[in-house]
Every structure is written in structure tokens, then in C-alpha cells.
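For reference, the structure is listed below as C-alpha cells.
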Amino acid sequence: KPLPDHIEWAKFTDAAWYKDGFFYSAYDRPVEGKEFSNANENHRIYYHKMGTPQSADTIAFEDPKHPLHFHTAAVPENERCLLVFVGGQGFGEGVMVKDLTRPDAKWVTVEPSQNYEMGFVDMIGDDLYFKPDLLYYVHVIEKNEEYYVFTSYIFRDIFFFNFNGE
């Protein structure tokens, strides 16, 4: 049965389900008469709770310093974190992650460059697994006492990025 929820001006998006709603990407409503000619700027990720109007949706992520970037959300099956894939500058995508179990959690940048296609695989425990587009490389980010350390390993036929994060 179709639900009454209706989302407008969503573009370059998936529905990343979380609790009783989902994250999606959208632009501001364009100026009347310019619906198909407005510039795609200030792409944001919103959270929509099912059964509420779109006007009640909250902004989950935005990046006003980079108005031409676009953003896609993902949530692992355990619903522990929100991943944001950032595109529009390179041939790949950057990746950011935020712990959804802590209200004071900060965004952590996993891959800043947009130089790799970072296909998300899953989250197991504290580890996020990605399938980067580089053949035979495994990238590992490990947290030490003060900061995250990025390391690359070369393996045959293994393509996972591991983020052991907050």
C-alpha cells in the first residue's frame, strides 16, 4: 500500500533507512519557473521520519564550503553510524562517517580525496568495510591515542577498506 509520505526535489539520492525513517539527499526547492534550470548547489542530506511532512525533516549533513559537491547517505544494517559519500570534484568519492549512537559525535573523514570509488560493503563491530576501485589494495585506518593512521596493504584478490573508528 502506498504511504502518504512524499519527498520533493530529491536528486542523486538513495533512501538510507534508519529507525522509523530514512536519510535522503536533496537540493533546496528551486525558484518558481526555474525548476529545470536552477544550478545544482548546496546538496544536503536530510532525515525523514515516516508519517511526517517533508517540512519537518531535519538536516543531517551539509557542506556550505563546497556548494557544488553532492552527497549520498548510507547506514549499515546495525544502524550504528551514518556514512556520507561526497562527489563532484574527482572521479570517485570522499567518505565521512558519524556515530549515530552518540549525540555529541563529530564527523570523521575516512577518505578526503574523491580519487577512489568507495563501495560500502558492511560494518562488523567497529569496522567499516569498503571495496575501493584499486585492484589489490586494502586501506586500513587505525585509531591510535591521538589521531587516525592511514595504511595501505597489497593483497591478491582482496578489496576491503577497514575503518576502526569511534
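Taking the six-membered ring where the residue is Trp, Tyr24 and Phe22 present tilted rings, their angle falling between 30° and 60°. Relative orientation of the His43 and His71 rings is parallel, given thresholds of 30° and 60° on the angle between their planes.
One finds the CG atom of Asn42 at 6.5 Å from the CG atom of Asp28 (value rounded to the nearest 0.5 Å). Taken from CZ in Arg80 to CZ in Arg102, the straight-line distance is 8.5 Å, to the nearest 0.5 Å. In this structure, Thr101 OG1 and Glu79 CD are separated by 12.0 Å, a value rounded to the nearest 0.5 Å.
Of the possible polar contacts, none joining the Ser25 side chain to the Thr13 backbone as a donor-acceptor pair under 3.5 Å is found. For Tyr47 (side chain) and Gly21 (main-chain N/O), a donor-acceptor pair under 3.5 Å exists by modelled atom type. When atom types are taken as modelled, the side chain of Asp5 and the backbone of Gly51 share a donor-acceptor pair closer than 3.5 angstrom.
With respect to Glu8 and Arg29, a salt bridge is recorded, a charged nitrogen being found less than 4.0 Å from a carboxylate O. A salt bridge is defined here as a Lys NZ or Arg NE, NH1 or NH2 lying under 4.0 Å from an Asp or Glu carboxylate O, and Asp99 with Lys106 fails to meet this definition.
Counted within 6.0 Å of NZ on Lys49, heavy atoms from surrounding residues, nucleotides or ligands total 12 or fewer; the atom is thus considered open.
When side chains are defined from C-beta on, Pro64 counts as touching Glu62, because their heavy atoms get closer than 4.5 Å. Residues Gln114 and Val86 form a side-chain contact, since some pair of their non-hydrogen atoms from C-beta on lies under 4.5 Å apart. Side chains of Tyr27 and Lys11 form a contact here, defined as non-hydrogen atoms less than 4.5 Å apart. Side chains of Val110 and Met96 form no contact here, defined as non-hydrogen atoms less than 4.5 Å apart. Between Met123 and Glu77 the shortest side-chain heavy-atom distance does not fall below 4.5 Å. Two residues are said to be in side-chain contact when any heavy atoms from C-beta on lie closer than 4.5 Å; Met50 and Asp20 fail this criterion.
Residues Phe85 and Val108 share a single hydrophobic cluster, defined by chaining ILVMFWY side chains whose heavy atoms lie under 4.5 Å apart. Under a hydrophobic clustering in which Ile, Leu, Val, Met, Phe, Trp and Tyr are joined whenever their side-chain heavy atoms come within less than 4.5 Å, directly or via other members, Leu83 and Trp17 fall into different clusters. Leu3 and Tyr46 fall within a single hydrophobic cluster, where Ile, Leu, Val, Met, Phe, Trp and Tyr are joined by side-chain heavy atoms under 4.5 Å apart, directly or via other members. Put simply, Leu82 and Ile59 are part of two different groups of oily side chains (I, L, V, M, F, W, Y) that touch within less than 4.5 Å, one to the next.
The minimum heavy-atom distance linking Asn40 with Leu68 is given by the pair O-CD2, 4.0 Å. Between Ala10 and Ala26 the shortest heavy-atom distance is CA-CB, 3.8 Å. Heavy-atom minimum distance, Ala74 versus Ala16: CA-CB, 3.9 Å.
Within the 6.0 Å centre-distance limit, the rings of Phe23 and Tyr18 are counted as a close aromatic pair.
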Inset, instruction - Would you please test Ser113 and Glu111 for side-chain hydrogen bond (donor to acceptor under 3.5 Å, both in side chains) and show each step? - result: CA-CA 6 Å; Ser113 73; Glu111 171 52 58; 2.4 Å; yes

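The side-chain contact (heavy atoms from CB on, under 4.5 Å) test with Trp107 singles out one residue from Asp63, Val97, Val84, and that residue is Val84.
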